[in-house]
Amino acid sequence: MNIFDNYLELIFKLIKNNQKKLGLKELNEFKGINLEIPPSKFDSDLSTNICMILSKPNKLEPNKLAVNVKDLLTNNIKDFKEIEIAGPGFLNIKLSNNALANIINKILQEGKLFGSNKTNLSYNIEFVSANPTGPMHIGHCRGAIFGDVLSNLLKFNGNKVTKEYYVNDYGNQIKNFVKSVYLRIREIKFNEKFKNEKDLYPGLYIKEIAKKILLKSKINFNSFNNSYDFLSKESLNYSIEMIKQDLKKLGINHDKFVSEKLIVEKKILFKAIEQLKKTKHVEEGFLEPPKGVTDRNWKKTKKLIFKSTLFGDDANRALQKDDGTWTYFANDLAYHYDKVSRKYDKLINILGADHTGYIKRIEGAVTALSKSKTILECKVCQLVKLFKNGSPFKMSKRAGDFVSVSDLLNEVNKDSIRFMMLNRSNDVELDFDFDKVLEKSKENPVFYVQYCHARINSIFRALKIKNFNNLEIKDDTLNFNKYEKEIIKKVFEWPKVIKISSKKYEPHRIPFYLYEISTLFHSYWSKGNEDQKYRFIQKGKINNNLMITIQLILIVLQNGMNILDVSLPSEM
RNA sequence: GCGCCCUUAGCUCAGUUGGAUAGAGCAUCGGUUUUCUAAACCGAGGGUCGUAGGUUCGAAUCCUUCAGGGCGCGCCA
């Protein structure tokens, strides 16, 4: 039930059928025309810019065209009770009571589905993909929640979504990680001091892993090479498990974990390269020394390169290292070849701000691999800064030199973390303030929205019922006051919020919307303090218009918080 | 040097494929509770939308210039 889309379609049809009469030669496919809720100072339900847009290519005056369009619409769409021409040529539309009643009834029927635009595409969203060399830190957390909620959002909007985690369980970092575990084991078993050499992982969690492995293993750890296979398998298991636990505590479950090691073993890379050689995206050649980096022993050697400059990248990228082994990017190319072959409509990668430089090459890779049939879009989450008492806050560094997700979860509950991590656009840095998140006040948006729900439930308690059942309205009983009207208009906007946030991959619009509708509710509620007649419950009863208004709020609160996966307590 | 992101009220930020007098929260000042949760509400002040141009009926939004801040720039992963 998206009234904007529905009515626009009607309007377009009418205008097309009466094109000549209106003197319109050029319809421009109705591009740029929209229907929206006008600012609250205008006393109308809908507003469209159609006359302003169409007047230009047809060389008509917007206000004159508006007079004709107004007549056309009022005579043919009986849902439109009254239309006013306003400002530079807006049409402000009032809906008939009958139309309002029908719309509201439909929303009540749709309930949990209200807001879905039923787009029906298949998405693959890769997110987190933190290296399995240690626990998740605060930086991963934002991307993790962003990806999870974006998945929920796209699912809610009617799509199929695969939530994917790419496990980088291959390469030098893994060797360093395993070596660190090995040295910690030697430290415990043979009392050898752990020397913090370059490239090793000093974090104390490595010690925990070492202890666990020692408890269950029977091998002697006399040589790194001899124990490597066993050690790497065990250490990776532990650290991946650790990450999965953190994700679980945040309420995140991926559908699929793809192992880089497996991608390598399946030799997918060769197929990918073979294909890209044919399309001339991969060639043997030489690369220039990296810019902005000095003091390197640069050797110009011939190797396979991916021509990412064709896709706007700064430089072409090496697929092979000097010693002939494959680069990380090469394996990622193979991984994305695999993703492309799974035939999703859209691929999305969620990255941290420090991976911005990687975007063009990997998006280009997908375009090349899919022969422009699949588009990969990378969304970047900017940094998270921790604050406490208004000043930057550093947590215990037990886990290493970063703030871990489990540290965070010890202080703040999952609901607050999820909501707050999305209470900013992904494009801007996010200040995460511990005090604010723990506060029970308007300043804490999570609380504010939840409190709205709790207050609604207090009405149920006062009326001694569990919910409003079987609500239905007839137009003759329809008589909303100005506060209710405002709330209902806001509810009508919900499908639009879903549509835009789905289209632009911007889940942050949902918490903002929920906060706004909560404000309208709290405000209306408080009117009862000033004026008896606005009290929700009169002589133990509640009137029908109010019941409907509250039910509509409940529907969007529940649908919204479901997408965020944040709880709605009925009492606080 | 290059790429990406950001610059909107004192502070932190929203702002829909370009729309009407640019919106919230915090902070400041003032008010509201014998009655459904005051953990809330109402009101006031506060703006050259970083700068300079351009596009047009109309620009915070699109294009160009410059300035400031962040992130990144390996044949690491």
Side-chain angles (χ1 to χ4, degrees), chain A residues 31-34 36 38-39 41-42 47 49 52-53 55-56 61-62 86-90 92 131 133 168 170-174 176 199 260 287 289-293 296 298-299 301 303 305 312-315 317-332 352-360 380 382-383 390 423-429 431 433 436 439-445 447-448 450-452 454-455 457-459 461-463 493 496-497 499-501 503-504 508-509 512 515-516 519 522-530 532 535-538 542 571-572:
Chain A
K31 214 181 151 200
I33 293 170
N34 50 36
E36 58 196 355
K41 64 196 163 190
F42 299 101
S47 168
N49 62 350
M52 284 131 80
I53 299 287
S55 62
K56 189 180 173 188
E61 275 181 45
F90 286 101
N92 286 345
N131 282 352
T133 52
N168 301 129
Y170 184 86
N172 284 330
Q173 293 304 325
I174 299 302
N176 296 333
D199 294 333
E260 181 181 1
L287 288 177
K291 283 167 189 158
V293 181
R296 295 278 167 183
W298 180 259
K299 273 188 271 174
T301 48
K303 50 173 56 82
I305 54 175
D313 202 0
D314 300 343
R317 304 294 171 176
L319 296 175
Q320 289 171 304
K321 304 178 197 170
D322 251 351
D323 61 5
T325 58
W326 300 109
T327 60
Y328 171 82
F329 174 57
N331 288 334
D332 212 15
D354 51 344
H355 288 82
T356 323
Y358 196 69
I359 293 175
K360 280 185 177 156
V380 172
Q382 294 298 324
L383 296 179
N423 207 32
R424 285 280 174 276
S425 150
N426 59 288
D427 280 334
V428 304
E429 288 186 2
D431 295 346
D433 195 308
K436 216 177 252 186
E439 212 170 280
K440 292 181 172 179
S441 80
K442 189 170 186 176
E443 223 188 314
N444 177 0
F447 166 80
Y448 190 73
Q450 289 178 326
Y451 185 45
C452 174
R455 273 182 156 174
N457 274 272
S458 78
I459 298 167
R461 284 192 292 277
L463 293 168
E493 279 190 321
K496 213 174 200 180
V497 173
K499 191 178 180 180
I500 293 164
S501 38
K503 187 176 165 189
K504 303 179 82 170
H508 73 275
R509 290 167 189 273
F512 279 99
Y515 188 88
E516 283 163 18
T519 300
H522 287 305
S523 172
Y524 185 21
W525 172 283
S526 301
K527 285 290 170 297
N529 287 335
E530 296 159 29
Q532 280 285 339
R535 295 193 68 79
F536 286 12
I537 298 171
Q538 307 274 357
I542 182 165
E571 231 172 316
M572 295 177 81

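Treat the numbers as computed from the prediction; the structure is a model and nothing was measured.
- Distance NZ (A:K496) to P (B:rG15): 15 Å, rounded to an integer number of Å.
- Proximity of A:H508 to the phosphate of B:rG15: a side-chain N or O atom is located under 4.0 Å from OP1 or OP2.
- Salt-bridge formation is detected for the pair A:K303/A:D322: a Lys NZ or Arg NE/NH1/NH2 atom is positioned less than 4.0 Å from an Asp or Glu carboxylate oxygen.
- Atom NZ in A:K440 sits about 11 Å away from atom P in B:rA39, given to the nearest Å.
- If you measure from atom CZ of A:R461 to atom P of B:rC36, you get 13 Å, rounded to the nearest angstrom.
- Nucleotides B:rA9 and B:rC26, compared at atom C1', are 12 Å apart to the nearest Å.
- A 4.5 Å side-chain heavy-atom check between A:I305 and A:Q320 finds every atom pair outside the cut-off.
- For the pair A:D322 CG and B:rC75 P, the interatomic distance rounds to 10 Å; values are reported in whole Å.
- A:I305 comes within contact range of no nucleotide atom at all, as no heavy-atom separation falls under 4.0 Å.
- Distances shown here put a side-chain N or O of A:R455 below 4.0 Å from the OP1 or OP2 atom of B:rA38.
- Protein atom OH of A:Y358 is 13 Å distant from nucleotide atom P of B:rC76, rounded to whole Å.
- Among the heavy atoms of the strands lying under 4.0 Å from A:S441 are primed sugar atoms or P, OP1, OP2 only; no base atom is included.
- Which of B:rA20, B:rG70, B:rC13 sits closest to the side chain of A:D431 comes down to B:rC13.
- Remark on RNA chain B: of its neighbouring residues A:K504 and A:K41, the 5'-side contact belongs to A:K504, judged by nearest-heavy-atom nucleotide.
- Heavy-atom minimum distance, A:D427 versus A:Q382: O-CG, 3.1 Å.
- Backbone-only engagement by A:K442 is indicated by non-hydrogen atom pairs under 4.0 Å involving sugar-phosphate atoms exclusively.
- No more than 12 heavy atoms of other residues, nucleotides or ligands shown are found within 6.0 angstrom of NZ on A:K499.
- Dashed line: the shortest gap from a side-chain N or O of A:S458 to OP1 or OP2 of B:rU37 is under 4.0 Å.
- Contact annotation: A:Y448 side-chain N/O to B:rC41 OP1/OP2 distance is under 4.0 Å.
- Counting distance only, with no hydrogens placed and no angle test, the side-chain atoms of A:N92 and the base atoms of B:rA20 include a donor-acceptor pair under 3.5 Å.
- You won't find any donor-acceptor pair under 3.5 Å spanning the side chain of A:T519 and the base of B:rA24, going by distance alone.
- Here A:A462 lies in heavy-atom contact (under 4.0 Å) with sugar-phosphate atoms only.
- Distances shorter than 4.0 Å separate some side-chain N or O of A:K321 from OP1 or OP2 on B:rA77.
- Protein atom CD of A:E516 is 12 Å distant from nucleotide atom P of B:rU16, rounded to whole Å.
- Classified by interplanar angle (parallel below 30°, tilted 30° to 60°, perpendicular above 60°), the ring pair A:F536/A:W525 is perpendicular.
- Distance, A:D433 CG to B:rC11 P: 17 Å, rounded to whole Å.
- You'll find that the side chain of A:A318 is closest to B:rC75, out of B:rA20, B:rU37, B:rC75.
- The phosphate of B:rC75 has neither OP1 nor OP2 within less than 4.0 Å of any side-chain N or O from A:W326.
- Using a 4.0 Å heavy-atom distance criterion, A:K303 is classed as a base contact.
- Between B:rA20, B:rA14, B:rG25, one nucleotide has an atom nearer to the side chain of A:Y515 than all others, and that is B:rG25.
- Residue A:E439 is classed as having no contact, given no heavy-atom separation below 4.0 Å to the nucleic acid.
- Dashed line: the shortest gap from a side-chain N or O of A:S526 to OP1 or OP2 of B:rA38 is not under 4.0 Å.
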side-chain contact (heavy atoms from CB on, under 4.5 Å) between A:K442 and A:H522, worked out
CA-CA 11 Å; A:K442 189 170 186 176; A:H522 287 305; over 6 Å; no
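- In this structure, the nucleotide among B:rA77, B:rA40, B:rU35 sitting nearest to the side chain of A:H355 is B:rA77.
- Taking the six-membered ring where the residue is Trp, A:F447 and A:Y451 present parallel rings, their angle staying beneath 30° rather than reaching 60°.
- Here the side chain of A:S523 is nearest to one of B:rC41, B:rA20, B:rC75, namely B:rC41.
- When all heavy atoms of A:V380 and A:A353 are compared, the pair lying nearest together is CG1-CA, 3.6 Å.
- When the side-chain nitrogen and oxygen atoms of A:K527 are compared with OP1 and OP2 of B:rU32, none of them lie within a distance under 4.0 Å.
- Rounded to whole Å, the distance from CD on A:E429 to P on B:rA14 is 12 Å.
- At a cut-off of 3.5 Å, with distance as the only test, a side-chain donor of A:E260 or A:N331 sits close to an acceptor on the other residue.
- Stacking is found between A:F90 and the pyrimidine-like six-membered ring of the B:rA20 base under the 5.5 Å centre-distance and 30° plane-angle cut-offs.
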Go ahead and write out RNA chain B as dot-bracket, 5' to 3': ( ) for pairs within the strand, [ ] for ones crossing earlier pairs, | when the partner sits on another strand, dots for unpaired; Watson-Crick or G-U wobble, both distances under 3.5 Å.
(((((((..((((.....[...)))).(((((.......))))).....(.(((..]....))).))))))))....
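- Of the possible donor and acceptor atoms, one in the side chain of A:N49 sits under 3.5 Å from a partner among the backbone N and O of A:G32.
- Counting any heavy atom pair closer than 4.0 Å across all strands shown, A:Q532 reaches a base atom.
- Shown here for A:Q532 and A:Q538, the closest heavy-atom pair between the two residues is O-NE2, 3.1 Å.
- Note on A:R509: only backbone sugar-phosphate atoms sit closer than 4.0 angstrom, heavy atoms only; bases stay farther off.
- Looking at heavy-atom distances under 4.0 Å, A:P445 makes no contact with the nucleic acid at all.
- At a threshold of 4.0 angstrom between heavy atoms, the contacts of A:K503 with the nucleic acid are absent.
- Residue A:E530 places its side chain closer to B:rC42 than to any other of B:rA39, B:rC42, B:rA77.
- Nearest-nucleotide positions on RNA chain B for A:V380 and A:R535 put A:V380 closer to the 5' end.
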Identify all pairs in which a protein N or O lies below 3.5 Å from an N or O of nucleotides 56-63 of chain B, and state each distance.
none

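- Residue contacts shown for A:A315 are absent, as no nucleic acid heavy atom lies under 4.0 Å away.
- Residue A:F42 is in base contact, counting any heavy-atom pair closer than 4.0 Å across all strands shown.
- The minimum heavy-atom distance linking A:R509 with A:S501 is given by the pair CD-CB, 3.9 Å.
- With sequence neighbours excluded, the residues that form a ring-ring contact (aromatic ring centres under 6.0 Å, His included) with A:Y515 are A:Y448.
- When all heavy atoms of A:K321 and A:N172 are compared, the closest pair comes out as NZ-ND2, 3.8 Å.
- Backbone-only engagement by A:D354 is indicated by non-hydrogen atom pairs under 4.0 Å involving sugar-phosphate atoms exclusively.
- Closest to the side chain of A:T301, out of B:rC75, B:rA14, B:rA24, is B:rC75.
- Contact annotation for A:N49: base contact, defined as any heavy-atom pair under 4.0 Å involving a base atom.
- Spacing of P atoms, B:rC71 relative to B:rA27, comes out at 30 Å, to the nearest Å.
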